[in-house]
Novice: 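One structure coming up, written as structure tokens, with questions to follow.
Computation of the quantities below employed the complete heavy-atom set of this structure, encompassing side-chain atoms and omitting hydrogens, waters and symmetry-equivalent molecules. Keep in mind that what you see is a predicted model, and the values were worked out from it rather than measured.
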Amino acid sequence: MAKLIYKFLKGQEDRYQVSTISSETIMNDNTEESRKDNSVNMELVQKLIDLDKDGTGHIVIIVDKGPPANDGGKQTYFMKMATNGKILVSSSGQMQNNTPSLPDRDVLPGNSWTGESLVNLPGVKSSKPYKNTYNLEKFEDMKEYNCAVIGMKSETLNVEIDIPAYPDVKVKQVINSNGKIYFAHEEGKLIKSITNTYSTSYLPDNKIMETEMTVKVEII
């Protein structure tokens with residue numbers, strides 16, 4: 001049995017490798033009309049600059065390598081995170097999307113819990129609430145850490161989005177995601193996460209846009 005919480009230490013600094021692989025396919029009557037593939041690699045430095053009495057961490061995240069650092073500067077984000085992973089303040093919606101929720105009780109392999117947060121989506125003006133279900137699968141050694149291996153599956157999200165190619169039409173989009181999280185429960189920090197997101201957008205003229213994206217975050 002383990003208590004899964006972030007154990008922030010003032011002055012703590014960790015470096016993460018972040019890789020994103022995505023594809024976008026336009027289907028017309030079950031025939032592939034076009035396809036775009038993309039990949040981005042970055043390194044982030046996460047610094048704990050302050051700590052509240054309840055353990056909440058004040059975190060600065062610096063994009064040290066990769067875009068946008070390659071384009072004229074190291075971009076910096078700020079967020080406040082509670083010990084259960086809840087983002088209290090964030091200057092980046094994407095950082096918030098990639099943060100797992102942790103349970104409010106001790107857990108054993110086979111135990112499940114849910115977490116609710118807000119997601120910021122391209123083409124959607126306001127944040128959308130969504131719920132993830134987590135399952136502690138097992139404990140596994142990774143690098144020098146003993147990690148809780150956590151499976152994640154999101155509820156299906158249905159939204160209407162704005163696409164520049166179709167300025168007069170609200171496009172229906174269906175989004176699903178799943179993933180795997182490796183959390184060092186003794187040190188209280190994220191070691192690795194893999195998030196897969198799949199979306200289907202129903203375009204005018206009976207076309208369908210299918211998007212797949214995998215984001216991998218790993219401590220280095």
Novice: Would you tell me whether Ser201 and Gln173 have side-chain atoms, one donor and one acceptor, within less than 3.5 Å of each other?
Specialist: yes
Novice: Nearest 0.5 angstrom please: Lys86 NZ to Lys80 NZ, how far?
Specialist: 12.0 Å
Novice: Hey, mind stepping through His58 and Asp52 against side-chain contact (heavy atoms from CB on, under 4.5 Å) and telling me if it holds?
Specialist: CA-CA 8 Å; His58 297 231; Asp52 292 343; 2.8 Å; yes
Novice: Would you sort out whether Tyr16 and Glu43 count as a side-chain contact (heavy atoms from CB on, under 4.5 Å), showing the intermediate values?
Specialist: CA-CA 6 Å; Tyr16 290 90; Glu43 285 188 17; over 6 Å; no
Novice: Give a yes or no on whether Ile219 and Leu44 share a hydrophobic cluster (residues Ile, Leu, Val, Met, Phe, Trp, Tyr; joining criterion: side-chain heavy atoms under 4.5 Å apart).
Specialist: yes
Novice: As an exercise, state the distance from CG of Asn84 to CG of Leu102, rounded to the nearest 0.5 Å.
Specialist: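 Rounded to the nearest 0.5 Å, the CG-CG separation comes to 6.5 Å.
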Novice: Would you name the heavy atoms of Gly57 and Leu51 that are closest together and state the gap between them?
Specialist: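 Residues Gly57 and Leu51, closest heavy atoms: CA-CD1, 4.0 Å.
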Novice: Flag yes if more than 12 heavy atoms outside Asn158 fall under 6.0 Å of its CG atom; otherwise flag no.
Specialist: yes
Novice: Verify the distance criterion only: is there a donor paired with an acceptor across the side chains of Glu137 and Asn135 at less than 3.5 Å?
Specialist: no
Novice: How close do Leu48 and Leu9 get, counting heavy atoms only, and between which atoms?
Specialist: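 For Leu48 and Leu9, the tightest heavy-atom pair comes out as CB-O, 3.3 Å.
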Novice: Are more than 12 heavy atoms, taken from residues, nucleotides or ligands other than Lys47, located less than 6.0 Å from that residue's NZ atom?
Specialist: no
Novice: Specify the closest pair of heavy atoms between Lys10 and Ile49, including all atoms of both residues, with the distance to one decimal.
Specialist: CE-O, 3.5 Å
Novice: Are Glu210 and Ile208 side-chain neighbours, meaning at least one heavy-atom pair lies under 4.5 Å?
Specialist: yes
Novice: Looking at CG of Asn111 and CE of Met1, how far apart are the two atoms once the value is rounded to the nearest 0.5 Å?
Specialist: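 One finds 7.0 Å between CG of Asn111 and CE of Met1.
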Novice: Kindly say whether Ser177 contributes a backbone atom to a donor-acceptor pair with the side chain of Thr197 at under 3.5 angstrom?
Specialist: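 Judged by distance alone, no pair lies under 3.5 Å.
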Novice: Counting C-beta onward and ignoring hydrogens, is there a side-chain heavy-atom pair between Arg35 and Asp37 closer than 4.5 Å?
Specialist: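 Of all side-chain heavy-atom pairs linking Asp37 with Arg35, at least one is under 4.5 Å.
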Novice: Indicate yes or no: at least one non-hydrogen side-chain atom of Leu203 is less than 4.5 angstrom from one of Ile26.
Specialist: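 The answer is yes, as the side chains (C-beta and beyond) meet within the 4.5 Å cut-off.
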Novice: Within a 6.0 Å radius of atom NZ on Lys3, are there more than 12 heavy atoms belonging to other residues, nucleotides or ligands?
Specialist: yes
Novice: Stepwise, does the salt bridge (Lys or Arg N to Asp or Glu O under 4.0 Å) test hold for Lys7 with Glu187?
Specialist: CA-CA 7 Å; Lys7 300 175 183 178; Glu187 292 80 6; over 6 Å; no
Novice: Mind checking whether Tyr145 and His185 have ring centres under 6.0 Å apart?
Specialist: no
Novice: Does the side chain of Ile59 reach to within under 4.5 Å of the side chain of Met81, using non-hydrogen atoms?
Specialist: yes
Novice: Between the side chain of Asp54 and the main-chain N/O of Thr56, is any donor-acceptor distance below 3.5 Å?
Specialist: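 Yes, Asp54 side chain to Thr56 backbone: donor-acceptor pair under 3.5 Å.
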Novice: Treat each ILVMFWY residue as a node, draw an edge where side-chain heavy atoms are under 4.5 Å apart, and state whether Tyr182 and Phe139 are in one component.
Specialist: yes
Novice: For Asn132 and Tyr134, test the side chains for any donor-to-acceptor distance below 3.5 angstrom and give the result as yes or no.
Specialist: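 Tyr134 and Asn132 do have a side-chain donor-acceptor pair below 3.5 Å.
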Novice: A side-chain contact here means heavy atoms from C-beta on lying under 4.5 Å apart; do Gln17 and Asn41 qualify?
Specialist: yes
Novice: Over all heavy atoms of both residues, which pair between Thr83 and Gly55 is shortest? Give the atoms and the distance, please.
Specialist: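 Where Thr83 meets Gly55 most closely, the heavy atoms are CG2-O, 3.6 Å.
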Novice: Given side chains that start at C-beta, do those of Tyr130 and Ile175 come closer than 4.5 Å, heavy atoms only?
Specialist: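 The answer is no, as the side chains (C-beta and beyond) never meet within the 4.5 Å cut-off.
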Novice: Is the closest side-chain heavy-atom distance between Ile21 and Met213 below 4.5 Å?
Specialist: no
Novice: Taking a hydrophobic cluster as the set of Ile, Leu, Val, Met, Phe, Trp and Tyr residues connected by side-chain heavy atoms closer than 4.5 Å, whether directly or through intermediates, do Val40 and Ile194 fall within one such cluster?
Specialist: no
Novice: Between CD1 of Ile181 and CD1 of Ile150, what distance do you get to the nearest 0.5 Å?
Specialist: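 Reported value, rounded in 0.5 Å steps: 5.5 Å.
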Novice: Taking the side chain as everything from C-beta on, heavy atoms only, tell me whether Trp113 gets closer than 4.5 Å to Leu4.
Specialist: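 Trp113 reaches Leu4 side chain to side chain.
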Novice: Rounded at 0.5 Å granularity, tell me how far CE in Met42 sits from CG in Asp64.
Specialist: 11.5 Å
Novice: Between Glu218 and Lys143, does the salt bridge (Lys or Arg N to Asp or Glu O under 4.0 Å) criterion hold? Intermediate values first, please.
Specialist: CA-CA 11 Å; Glu218 185 168 5; Lys143 299 183 178 180; 3.6 Å; yes
Novice: Under a 4.5 Å side-chain heavy-atom rule over Ile, Leu, Val, Met, Phe, Trp and Tyr, are Val149 and Ile5 clustered together?
Specialist: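 In one cluster: no.
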Novice: Rounded to the nearest 0.5 Å, what separates atom CD in Glu33 from atom CG in Asn28?
Specialist: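 It comes to 5.0 Å.
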Novice: Linking I/L/V/M/F/W/Y whenever any side-chain heavy atoms sit under 4.5 Å apart, do Tyr77 and Ile87 land together?
Specialist: yes
Novice: Quick one: sort the Phe183 and Tyr6 rings into parallel, tilted or perpendicular, breaks at 30° and 60°.
Specialist: perpendicular
